[in-house]
Amino acid sequence: MKKITILGSTGSIGTQALDVVRAQHFEVSGLAAHSSIELLEQQARAFLPDTVCIYREDLYKKLKENLSDTGVRVTAGMEGLCELAAQEQADIVLNAVVGMIGLQPTLAAIAAKKDVALANKETLVTGGEIVMRAAAENGVKILPVDSEHSAIFQALQGNRTDQVNRIILTASGGPFYGYTKEQLAQVTPEDALKHPNWNMGAKITIDSATLMNKGLELIEAVRLFGKQAKDIQIVVHRESVLHSAVEYHDYSVIAQLGVPDMRIPIQYALTYPDRFLCPTKQLSLIECGKLTFAEPDEETFICLKACKEAITRGGLYPTVVNGANEQAVALFLAKKIAFTDIGILVLKSLDRIAPSGEVTVENIIAADARAREWVLQQTGC
């Protein structure tokens, strides 16, 4: 029986991963959450992992008291998260935490020679160079959980990567596809949290609405599949049925299709290379009727433009745009800035912050902090 550790178990990806765990009868060796101790306690009682971790250290004592009758060990903070990621009994670690928090536990899991099912895109956006190098050195797999990267990964199976012509990365376009800048200026957090196709957490849903999510996925794809940004075409596909595709030198295009349900890519990452019945529904092309494709509007949704520039510059610039975005999204959700301010701040951060030094964990953390501080200064928050 495969033993799985889930970091971010109370979030959207984490709870859907536990659906897969139930369906496939996997054993849970560890669970971690940021602050949802009630749900984490429920999960701990249902799955009885060896260890759970609560990232918010001020909640550690309460969680430990609540689980005192279960025999489940409780840890906290970044130290606890990294310890959980590296625990010996796990066969695979699913990293589904949100934000920069995910980088260090990913590296801890790799150092412990654990395969990583990766849903935390910031790990590759900020530290892709060191993460992929560490994975190669330790002989572990980085298995993508994002639906788009899972689709690309699946389309590459049985083919030679040196014969890839380009990668076609699909985007739903979010809830504001076709909006003008003037219309976007009136958008509220409540509007932005209504994604047309996917059930995701708040931060990722806002990123989808600004197309920042697609920019981050572009950077991820560069890291995961060893291609340049110019070799990756982003296509708006409103139906979210064709999840991405790979074009080869002979112009054959191989795509992965399925209903928009994250349990499919989650399960494939956890069961790779095997495939089993998934707790979702079948795709009916007849019910779909038609699939449409269009070019993204980078002049209106400028976060995408910022990400392309950041990965072209390389180094710590992807960390800068990621940090600026995380802080800007938090301010938007708190109703302190407008929706359109997110893109403006992310794009401006590229020219206002000049990160220096090699890509190391320490320099990544420093560049991230500088970007967040700059956003707060610019907004007066």
Side-chain angles (χ1 to χ4, degrees), residues 1-120 123 143 145 199-204 262-263 266-267 269-271 276 278-280:
M1 184 181 293
K2 185 174 283 189
K3 297 182 178 180
I4 297 169
T5 291
I6 303 175
L7 311 182
S9 64
T10 60
S12 175
I13 296 295
T15 54
Q16 291 177 85
L18 288 172
D19 288 342
V20 171
V21 165
R22 292 184 188 94
Q24 301 304 334
H25 306 292
F26 293 143
E27 184 175 336
V28 176
S29 57
L31 296 170
H34 183 273
S35 54
S36 301
I37 60 170
E38 291 82 7
L39 182 51
L40 182 58
E41 180 187 347
Q42 291 174 23
Q43 293 174 344
R45 291 184 179 279
F47 293 95
L48 294 176
D50 298 303
T51 306
V52 298
C53 174
I54 187 74
Y55 186 75
R56 282 257 308 268
E57 296 188 23
D58 58 310
L59 298 174
Y60 166 75
K61 184 177 180 181
K62 182 178 180 182
L63 182 62
K64 187 173 182 179
E65 289 174 353
N66 291 355
L67 291 175
S68 61
D69 63 321
T70 64
V72 175
R73 181 168 167 264
V74 180
T75 63
M78 180 58 74
E79 183 178 345
L81 203 57
C82 290
E83 179 188 333
L84 188 63
Q87 64 179 351
E88 183 178 354
Q89 55 268 48
D91 297 307
I92 187 169
V93 176
L94 170 60
N95 187 344
V97 303
V98 177
M100 269 282 294
I101 294 169
L103 175 59
Q104 293 183 68
T106 296
L107 290 170
I110 292 171
K113 301 189 183 304
K114 306 295 178 183
D115 288 339
V116 178
L118 192 58
N120 172 253
T123 287
L143 299 161
V145 170
N199 174 27
M200 305 178 291
K203 193 266 181 182
I204 298 175
M262 283 303 300
R263 289 174 294 184
I266 290 168
Q267 177 168 296
L270 296 180
T271 64
F276 302 101
C278 187
T280 185

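Computation of the quantities below employed the complete heavy-atom set of this structure, encompassing side-chain atoms and omitting hydrogens, waters and symmetry-equivalent molecules.
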Interatomic distance, [X] atom [atom1] to [Y] atom [atom2] [nearest 0.5 angstrom]:
X	Y	atom1	atom2	value
Glu88	Lys114	CD	NZ	6.5 Å
Tyr60	Cys53	OH	SG	10.0 Å
Gln24	Thr271	CD	OG1	6.5 Å

Apply the test side-chain contact (heavy atoms from CB on, under 4.5 Å) to residues Lys62 and Asn66: give CA-CA distance (whole Å), side-chain angles for both, the deciding distance (0.1 Å), then the verdict.
-> CA-CA 6 Å; Lys62 182 178 180 182; Asn66 291 355; 4.0 Å; yes
Is there a side-chain contact between Thr280 and Met262, using heavy atoms and a 4.5 Å cut-off?
-> no
So do the side chains of Pro105 and Met78 get within less than 4.5 Å of each other, counting heavy atoms only?
-> yes
Please report the shortest heavy-atom distance between [X] and [Y], naming the atom on each side.
X	Y	result
Ser35	Leu59	O-CD1, 3.4 Å
Ala108	Cys82	CB-O, 3.6 Å
Arg263	Val20	O-CG2, 3.8 Å
Ile6	Ala17	CD1-CB, 4.0 Å
Val74	Lys64	CG2-CA, 3.9 Å
Ser9	Leu40	OG-CD1, 3.7 Å

Hits for ring pair (Phe, Tyr, Trp, His ring centres under 6.0 Å) against Tyr55, two or more places apart or cross-chain, chain-then-number order -> His34
When you look at Leu103 and Thr123, which way does the side-chain contact (heavy atoms from CB on, under 4.5 Å) test go after all the steps?
-> CA-CA 5 Å; Leu103 175 59; Thr123 287; 4.3 Å; yes
Without hydrogens or angle criteria, can the side chains of Thr5 and Gln87 be said to hold a donor-acceptor pair below 3.5 Å?
-> yes
May I have the list of side-chain donor-acceptor pairs in residues 90-102 shorter than 3.5 Å, sequence neighbours left out?
| from | atom 1 | to | atom 2 | distance (Å) |
| --- | --- | --- | --- | --- |
| Asp91 | OD2 | Lys3 | N | 2.7 |
| Asn95 | OD1 | Val97 | N | 3.3 |
| Asn95 | ND2 | Gly102 | O | 3.0 |
| Asn95 | ND2 | Thr106 | OG1 | 2.7 |

Just one of Leu39, Thr51, Thr10, Leu18 clears the side-chain contact (heavy atoms from CB on, under 4.5 Å) bar with Leu31, so which one?
-> Leu18
Side chain to side chain donor-acceptor pair (under 3.5 Å) test vs Arg45 passes for just one of Glu41, Gln43, Gln42, namely Glu41
Examine distances only and state if a side-chain atom of Gln16 and a backbone atom of Ser12 form a donor-acceptor pair shorter than 3.5 Å.
-> yes
Do other residues, nucleotides or ligands put more than 12 heavy atoms under 6.0 Å from Gln89 CD?
-> yes
